[in-house]
Amino acid sequence: MKFRSKIIDIGCLNNFTRVVTTISKLTKTCVLRLTPDNLYFVLSGKVDNGGVGMWCELSQAKFFDEFQLEGVSAEANEICLELAPDNLSRALKTAQNAKTVKIKLTKKHCPCLTIAAELPTMSSASRVVTHDIPVDVIPKRLWNDFKEPSMPDFDVSIYMPPLKIMKNVVDRMKNLSNFLVIEANMNGEMNLKIETDLVSVATHFRDLGNPPWAGGDGSQAGANSQRDPEAMVQARVDVRKLQQFLMGQQFNPSKAMCNIVQNTIIHLILLYEDVSLQYFIPAVA
């Protein structure tokens with residue numbers, strides 16, 4: 001297995017750093033899946049058992065000036081690595097003014113992602129700062145655990161309000177209860193609610209719009225075509241998991257969508273210019 005890449009453009013480096021920093025705020029460990037065309041950050045949480053799940057997809061051509069990959073075999077031209085994204089984020093932050101940043105898979109005391117940043121100097125001599133980030137190589141027999149998750153058969157899909165506004169609301173609500181109810185309908189309405197024996201609080205959003213998901217016959221995919229557009233679908237979630245997701249965002253997405261399966265799961269989708277991020281939060285009884 002071989003992997004080496006290079007980033008020269010400072011804008012691409014900054015964007016890649018923001019993506020990795022976002023991932024680092026969502027999970028302590030994840031899997032980095034490398035293919036010839038894309039990079040994926042994957043958190044294969046057991047959503048059925050209360051864990052969260054994440055799938056973040058990046059096109060390597062949008063970030064890297066050079067990208068060379070030799071996977072485990074010609075038929076399976078991929079590499080899967082488990083790492084702590086915070087280590088990668090901190091290494092990239094030290095290289096924000098670098099002339100070039102090289103990232104490659106190395107074998108030292110253990111497998112590592114080695115980040116080599118060539119920093120500008122006042123003289124002709126170059127100054128290179130190197131970070132070795134320990135990784136675990138995931139064997140091929142386990143790769144099926146890190147494939148793209150399927151779209152849940154949602155009951156309602158809705159565009160989300162601005163994430164900063166939503167974060168401010170959730171930050172206040174977490175002081176009232178450990179659980180929050182998200183409900184929405186196909187009329188562009190979303191409510192965030194806290195209900196306890198002592199207090200009942202709700203924040204209402206209107207005119208958010210609903211994504212035009214369409215099936216092969218042009219019908220609304222996932223959503224029940226017979227559902228009353230005014231009827232609310234809800235899921236009760238751990239407020240800390242939703243807050244962690246909202247706190248992790250480092251830049252505003254071009255689109256943010258929320259799919260709800262009644263009393264089962266919240267599926268959040270953020271689309272950026274060159275990145276897509278899916279996040280799964282299970283409902284609680």
Side-chain angles (χ1 to χ4, degrees), residues 3-43 53-69 78-105 112-120 127-133 135 146 148-149 159-160 162-167 244-257 268-279:
F3 167 66
R4 62 176 60 244
S5 61
K6 180 189 291 187
I7 302 177
I8 299 175
D9 185 271
I10 191 67
C12 293
L13 176 59
N14 290 338
N15 286 339
F16 185 63
T17 301
R18 281 196 289 266
V19 172
V20 175
T21 300
T22 295
I23 301 302
S24 72
K25 293 182 181 298
L26 298 179
T27 178
K28 292 182 178 180
T29 60
C30 69
V31 168
L32 172 59
R33 179 182 162 205
L34 302 167
T35 71
D37 298 319
N38 297 304
L39 295 83
Y40 306 90
F41 290 94
V42 186
L43 176 60
M54 179 191 68
W55 175 268
C56 182
E57 179 177 342
L58 300 77
S59 171
Q60 63 88 0
K62 299 293 186 179
F63 294 89
F64 295 90
D65 296 277
E66 296 180 13
F67 193 91
Q68 301 174 13
L69 174 74
E78 298 184 14
I79 300 174
C80 288
L81 308 170
E82 186 176 35
L83 52 73
D86 186 55
N87 291 338
L88 180 56
S89 173
R90 284 187 280 129
L92 291 171
K93 285 180 179 179
T94 65
Q96 287 306 284
N97 295 319
K99 295 166 61 177
T100 62
V101 173
K102 297 179 181 179
I103 306 175
K104 62 181 179 179
L105 182 62
C112 293
L113 268 186
T114 296
I115 314 295
E118 183 182 352
L119 302 179
R127 181 164 61 102
V128 178
V129 176
T130 301
H131 299 266
D132 292 321
I133 301 170
V135 298
F146 308 106
E148 181 173 6
Y159 289 116
M160 296 171 65
L163 298 186
K164 287 185 178 180
I165 294 176
M166 194 169 179
K167 175 182 176 299
Q244 183 179 26
F245 170 79
L246 294 170
M247 289 178 62
Q249 305 314 309
Q250 298 298 299
F251 46 98
N252 290 326
S254 57
K255 291 183 180 179
M257 294 165 278
L268 304 170
I269 306 175
L270 302 184
L271 299 179
Y272 307 95
E273 182 179 356
D274 304 314
V275 182
S276 66
L277 173 63
Q278 299 183 55
Y279 200 70

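The side chain to side chain donor-acceptor pair (under 3.5 Å) search around Q60 returns none, not counting sequence neighbours.
We find the CD-CD distance between E57 and E148 to be 6.0 Å, quoted to the nearest 0.5 Å. Between T100 atom OG1 and I10 atom CD1 the span is 10.5 Å, to the nearest 0.5 Å. The CD1 atom of I133 sits 7.0 Å away from the CG atom of L92 when rounded to the nearest 0.5 Å. Here the CE atom belonging to M247 is positioned 10.5 Å from the CG atom belonging to L26, to the nearest 0.5 angstrom. With values rounded to the nearest 0.5 angstrom, L277 atom CG is found 7.5 Å from T22 atom OG1. The CG atom of L270 lies 10.0 Å from the CD atom of Q278; values are rounded to the nearest 0.5 Å.
Between V275 and C56 there is a side-chain heavy-atom pair separated by less than 4.5 Å. Annotation: side chain of Q244 is in contact with side chain of Y279 (closest heavy-atom distance under 4.5 Å). For the pair N15 and E273, the minimum side-chain heavy-atom distance is 4.5 Å or more. Put simply, the side chain of S5 reaches to within 4.5 Å of the side chain of I103, judged on heavy atoms. Proximity of L113 to L32: side-chain heavy atoms (C-beta onward) are separated by under 4.5 Å at one or more points. At least one side-chain heavy atom of L81 sits less than 4.5 Å from a side-chain heavy atom of L105.
Checking side-chain atoms of S89 against main-chain N and O of D86 turns up no donor-acceptor pair under 3.5 Å.
What you find for L13 and A95 is that their closest heavy atoms are CD2-O, 3.0 Å. Shortest non-hydrogen contact noted between A98 and A117 is CB-CB, 4.0 Å. Closest approach of L83 to P85, counting heavy atoms only: O-CD, 3.4 Å. Taking all atoms of both residues into account, the shortest heavy-atom contact from W55 to F146 is CZ3-O, 3.3 Å. The two residues T130 and V128 make their nearest non-hydrogen contact at OG1-CG1, 3.9 Å. A pairwise comparison of heavy atoms in C112 and V135 identifies N-CG2, 3.9 Å as the closest pair.
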>> Test side-chain contact (heavy atoms from CB on, under 4.5 Å) on V31 and F41; report intermediate values, then the result.
In response: CA-CA 6 Å; V31 168; F41 290 94; over 6 Å; no

>> Test side-chain contact (heavy atoms from CB on, under 4.5 Å) on I269 and S276; report intermediate values, then the result.
In response: CA-CA 7 Å; I269 306 175; S276 66; 5.8 Å; no

>> Working note: N97 + L119, criterion side-chain contact (heavy atoms from CB on, under 4.5 Å); need CA distance, chi angles, decisive distance, verdict.
In response: CA-CA 7 Å; N97 295 319; L119 302 179; 5.7 Å; no

> Would R90 and H131 count as a side-chain contact (heavy atoms from CB on, under 4.5 Å) if you check the C-alpha gap in whole Å, the side-chain angles of each, and the deciding distance to 0.1 Å?
Replying inline: CA-CA 10 Å; R90 284 187 280 129; H131 299 266; over 6 Å; no

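Screening I115, I8, T94 against V101 for a side-chain contact (heavy atoms from CB on, under 4.5 Å) leaves a single residue, I115.
Ring pair F64/F16 is perpendicular by interplanar angle, where above 60° counts as perpendicular and below 30° as parallel. Using cut-offs of 30° and 60° on the angle between ring planes, the pair F3 and F67 is perpendicular.
Sorted by first and then second residue, the salt bridge (Lys or Arg N to Asp or Glu O under 4.0 Å) pairs with a member in residues 91-105 read K99-E118; sequence neighbours excluded. Within the structure, the salt bridge (Lys or Arg N to Asp or Glu O under 4.0 Å) test picks out the following pairs touching residues 18-43 (sequence neighbours left out): R33-E78.
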